[in-house]
Every structure is written in C-alpha cells, then in structure tokens.
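Here the structure is laid out as structure tokens; the discussion comes afterwards.
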Amino acid sequence: MILLEKIWENLQEKGTAVAYSCETRQISYQELGKWSGRLCAYLKRQFTQGEPVLIYGHKQPVMAAAFLACAFGGFPYIPVDSSTPKERVQAILHSARPQVLLAAEPVQADEISIIDRKTLEQICEEGGEMPLPYPARKPDEIFYIIYTSGSTGVPKGVMVTCENLDSFTSWMMKLFPKAPSVIVNQASFSFDLSVADFWPALAWGAQEYTLCRQVQKDYPALFSRLEKSGAKMMVLTPSFASLLLADQSFCAKRFPGLDVLFFCGETLLPKTARALLDRFPGLRIINAYGPTECTVAVTAAEIGEKEASQSILPVGIANPGVEVYIENGGKLAKEGEEGEIILCGDSVAAGYIGQKSHASPFGIKNGKRYYRTGDLGWIQNGVLYCKGRLDSQVKLRGYRVELQDVEQNLSALPGVEEAVVVSCENREGQTTRLVAFVQLYEGAKPTKQQLQALLAQRLPVYMCPIIRLVKAFPLNENGKCDRKRLKEAANGRGDFEADPRDWE
Ligand code: AMP
C-alpha cells in the first residue's frame, strides 16, 4: 500500500520531528513509530488479523498510535469519538462486532473486552523495540469502517478498503506537490473529513495538529492554539470557517503562514470564499466534494477570485481513478443537465458492514464499483457542481444527519406516538437547526425536557432537534403528514396545532 510505505519510511527517517500534536502533548515520528510498533505487536499476539477493532476517544496521541498499529497490523479500525452517546456506541458494537475496544477515554460499553487508556499507554511506552512491520496490505482488505447517520435509525458502517484510501491519498499528494509542514485538523476521528488530514500528514512527514472540542468552543484558546501551530494548511468544514471569520483577527496578519484551506463535507458559499480571499490574499482554497461512501472526497476545485464571483461554487474535477456521471430519469444526463451524481471507480467503498439490501446505493458496472450519491448536480465543461440533496439527508454545521434517523430514535422513546423532523434553512439554503414535531400518546407524561434528555442518550448532540409537541399532524391532500406545512411552521411562517403539554 503506497500510503503505508510512505509513512513507514517517515517513521524511520523523521526522528524527532513532531508527527502528532494535541492539547496535552506532542509526539515525534520516532515515538509514534515505537508506540504503534509495540501496540501492533500486542494486537497481533492477542487478536485475529482481519477482524475489526474499535478505537474510542478524542484525539489523544494514543489514538494516533492505535490507528497506525491497526493499519500496519491488518486490523480494520472503527474510529468512534467520545462525544458519541452510549446507545450509539452500543449500536455500532452490535453492527460491526469488533473483537476489542481500545479506549483512550473511559467508555460505557457492554459485552466487549476493553483495553483502557492506562493499559494502552503502558503497552505503547514500555517493552522492547518492536518495529512496525513493513506494510503488506492487500488492496481489497478493509482499512477502516466509519459510521454515518442511517435512515433506519441505526448508524451505517462504511467499509473503506486499502485501495480506496490509497486512491484518495495518492490524489491528495498530486493536488499538493509541495507538502505542507503543519496540517490543522478540525474534525473528530468519527468523521472521514479527519482522514483528509491524518493520513496525508503522516505520508508527507508533516505535523498533524489537532484542535480538541473544548478548544473549538473557546475563541481565545482556539486562536492562540492556531497561532502556536504555525499552520500551513487547514482541513475544515465551511461552517468552521464561518466561525473563524466571525473574528476579525482571522487574517493573514495574524496567521501569515497559512497557505491552504481544504474544504469538504458541505456547501462552501461564495461569500465565505470571498471573505477568505480578502483576509488572506494569495490563499489557496480547495472545495472538495464526496461522501464517506467514496472515501472522503472525489472531486476538487480551486476557488480563486473568478470562481468566488459565481453564484454557486464548482466542486471541480475528479480524482483520475474516479468517474463521475449524472443520471436523470434512468438515462445519462447531457452536458449541463441536472441529475443525480453517480461515482464510479477506485474510491468507491466496499459497502455498508452487515448490509446486503437490494435497495443499496452501491452497485457494480463493467467490473467497477459505483455509488449513487443522492446528490443533485451537473457537469459543465468537465467541472462538477453539486446543488443539494434528493432525499432527506441534511448537513448541520458540517455534520451529516438523516432526518429519519432522528425520527426513528424519537419514536422509540416512551410516550411518543410519532415524530416528524424538519430542517430550518437560512437564505443561502444552509440548514441552521432541526425541529421535531412530536405527537404523544393520550395521557403520556413525558415533558419536552425529558424527551430531550432521553434523546441525548441515544444520539450525538448535533443530531438532537428542538422539540415541539403537536396535538395532531397536519395532513396533505393525500392524507399524509404535511411535512411542508410543518417546515413552514418551524421556519416561523405558519402555525401548527400545539399540544397543551408543549407549553409545560
Ligand atoms: P459525508 O459523508 O458526511 O462526508 O457527507 C457527504 C455529503 O456531504 C455529500 O453527499 C454531499 O451531500 C455533501 N457534500 C460534501 N462535500 C460537499 C461540497 N463541497 N459541496 C456541497 N456538498 C457537499
């Protein structure tokens, strides 16, 4: 695997250069090599290669060592951020059935053997020299499994192969022939946006500089950490960039070394790109597009002054290993015609773990895997544009949420008869919040606050909506729940029949 070969060389050659940096400490390439070598040897002694391992925590250096240990040892890893509620962790365990859970933080999980942080650190730091083996992974082996929101109320585990990741990282190396020395990570390891910084950083022999969630909520701490980082490149969501831009000091004067912003995961608005170009003259802005199911990103566009003056930004040109089609009414769309974006080729993942449904968006055509994205787009002069979704998936501050996932989890709460979740958008069409309309059973007692608390035990905070209790759902002409009216009500442009308990 090209990626691991590059990293293996860097671990031998980069010595005391910093490989990974988090709030509490920095570790060098030498240390990372030692840690992951010992952990890899331990895993190989105790567990079965090819069987998944869950890695839980929040950006601790031991997580980085665990990723490398799994990658070199031949264990598909499942990264789970510690902000994930217990029931969601349990759903992931149930779906992927990992053989062990490596916990960089205390975790509540049933029916799984757990190796806690202290033990992990002991394995990493003590014991003799156990160098990482030279990588010998096969292209179709599973490299990682990342869970995303699923429309059935249960998260879906996307199985990304060694070939998939090699395709993505080789393309990244070509996009940035001059390796940046410090790459700032925003996303948690639960999201595949983090794959766009973690693996390329180590392949470049650069420093992966992580921002933990507490720092991201605290402007002075965030800006001072960013300043200290000497960041050359940041991998981030447009929502995070808007947050940074809200502070006038996010500019070239304070961050003179910042050369590249690599965006992915949601729509980048022209006004955001323009503001960034104003604040950072000469900045390279990359608008990359792709779903987790196709390994982080498959297309990318450079956004300069010319592009930023358009009403919608391009998402660009595909990784050479991937073909992009637009399909409309079962036929290939013509140049400029809108339709569903279909992706085909090396980056398309091996499917969802444990799912072989006929309705799968994955398929095989002419011996190549393809994936129906559910995104609406078009191609003009070879450049892809993405306009939005064809289904009820939304992006909220960069997080992917299936509205049905929230509905299913709300409907499973005691006292809830039915739940309908709608999204509220701003003028630019960005989702700003989720509102759930909930109908309780006659005589049911839960208050909105109790429902909120119960839901937070099942879903990550970013998926939890504002709750309104309804007496009855409005119906449309077909006698179905009128989601349009509820959406208008949620946006303050209409009313709904509130349950008197809504005011309690
Ligand atoms: P995720 O699997 O969380 O990365 O979400 C993938 C989805 O995010 C895609 O299917 C798109 O709907 C959306 N998305 C990703 N990148 C972009 C982009 N650059 N512009 C618009 N939408 C995007």
Side-chain angles (χ1 to χ4, degrees), residues 79 81 144-151 155-160 164 168 175 186-197 235-242 261-270 272-273 276 285-303 307-308 310-319 322 324 326 338-343 347-349 351-352 361-362 370-379 383-403 405 423 425 428-431 460 462-463:
D81 187 75
Y144 65 72
I145 303 163
I146 283 193
Y147 275 82
T148 70
S149 178
S151 55
K156 297 184 286 195
V158 180
M159 297 186 288
V160 169
N164 294 156
F168 170 71
L175 284 177
Q186 172 220 334
S188 87
F189 293 129
S190 275
F191 297 102
D192 80 337
L193 180 61
S194 65
V195 170
D197 43 80
V235 173
L236 71 175
T237 57
S239 296
F240 192 65
S242 302
L261 293 184
F262 183 92
F263 287 104
C264 192
E266 61 179 339
T267 306
L268 174 65
L269 293 175
T272 311
L276 288 167
I285 298 178
I286 308 287
N287 186 22
Y289 157 85
T292 306
E293 286 83 344
C294 299
T295 321
V296 192
V298 286
T299 70
E302 293 258 357
I303 308 297
E307 289 76 15
Q310 298 174 9
S311 58
I312 175 167
L313 297 180
V315 292
I317 298 186
N319 167 350
V322 179
V324 182
I326 305 292
E338 280 182 8
E340 184 177 30
I341 303 174
I342 318 278
L343 304 170
S347 288
V348 180
Y352 301 117
F362 289 97
Y370 70 82
Y371 175 72
R372 311 185 74 87
T373 62
D375 285 321
L376 183 64
W378 71 92
I379 298 174
V383 175
L384 181 68
Y385 290 79
C386 175
K387 195 177 168 187
R389 294 291 304 173
L390 290 156
D391 57 14
S392 60
Q393 183 188 108
V394 299
K395 275 288 167 117
L396 181 56
R397 291 184 292 282
Y399 295 110
R400 169 168 160 178
V401 182
E402 294 279 359
L403 297 184
D405 194 352
S423 60
E425 286 100 22
E428 279 103 9
Q430 292 169 305
T431 300
Y462 64 83
M463 288 179 75

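Each residue takes its place number in the sequence, starting with 1. This one's a predicted model, so the numbers in the text were calculated from it and none came from an experiment. Whatever order the structure lists them in is the order used to number ligands and atoms, beginning at 1. Computation of the quantities below employed the complete heavy-atom set of this structure, encompassing side-chain atoms and omitting hydrogens, waters and symmetry-equivalent molecules.
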Quick one: does Glu338's side chain have a donor or acceptor within less than 3.5 Å of a partner on Trp378's backbone?
-> no
Could you say whether the N/O atoms of Leu268 and ligand 1 ever approach to under 3.5 Å?
-> no
Are any of the N/O atoms in Thr373 less than 3.5 Å from those in ligand 1?
-> no
Check: Ser242 side chain, Pro238 main-chain N or O, donor-acceptor pair, under 3.5 Å = yes
Should the pair Tyr462 and Tyr399 be assigned to parallel (<30°), tilted (30 to 60°) or perpendicular (>60°) ring geometry?
-> parallel
Can you sort out which atoms of ligand 1 are near Arg389, meaning under 4.0 Å from one of its heavy atoms?
-> 10 (O), 12 (O)
If we only count N/O pairs under 3.5 Å, is Gln393 in contact with ligand 1?
-> no
Specify side chain, backbone, both or neither for Val315, according to which of its non-hydrogen atoms lie closer than 4.0 Å to ligand 1.
-> side chain
Please work out which of Cys264, Cys294, Gly265, Gly377 has its closest non-hydrogen atom nearest to atom 13 (C) of ligand 1.
-> Gly265
Counting only heavy atoms, which portion of Thr292 has something under 4.0 Å from ligand 1: side chain, backbone, both, or neither?
-> both
Please examine the side chains of Thr373 and Tyr289, heavy atoms only from C-beta on, and report whether any two atoms are closer than 4.5 Å.
-> yes
Under 4.0 Å between heavy atoms, the region of Glu266 that gets near ligand 1 turns out to be backbone
Return yes when Ala297 approaches ligand 1 closer than 4.0 angstrom through a heavy atom, no otherwise.
-> no
Proximal atoms of ligand 1 relative to Ala288 (non-hydrogen, under 4.0 Å) | 16 (N), 18 (C), 19 (N)
For Phe263 and Thr237, run side-chain contact (heavy atoms from CB on, under 4.5 Å): C-alpha distance rounded to whole Å, both residues' side-chain angles, the deciding distance at 0.1 Å, then the answer.
-> CA-CA 5 Å; Phe263 287 104; Thr237 57; 5.9 Å; no
Under 4.0 Å from a heavy atom of Pro291: give me the atoms of ligand 1 that qualify, with their elements.
-> 2 (O), 6 (C), 10 (O)
Any nitrogen or oxygen of Lys395, main chain or side chain, under 3.5 Å from a nitrogen or oxygen of ligand 1?
-> yes
So, Lys395 side chain and Gly265 main chain: donor-acceptor pair closer than 3.5 Å or not?
-> yes
Please state which part of Thr148 comes within less than 4.0 Å of ligand 1, counting heavy atoms only: side chain, backbone, both or neither.
-> neither
Between Asn287, Thr299, Leu390, Asp375, flag the one that comes closest to atom 12 (O) of ligand 1 by a heavy atom.
-> Asp375
Check: Glu402 main-chain N/O paired with Ser149 side-chain donor or acceptor under 3.5 Å = yes
Identify whether the distance between the nearest side-chain nitrogen and carboxylate oxygen of Arg400 and Glu293 falls below 4.0 Å.
-> yes
Member of Arg397, Glu266, Gln186 meeting the side chain to side chain donor-acceptor pair (under 3.5 Å) criterion with Ser239 = Glu266
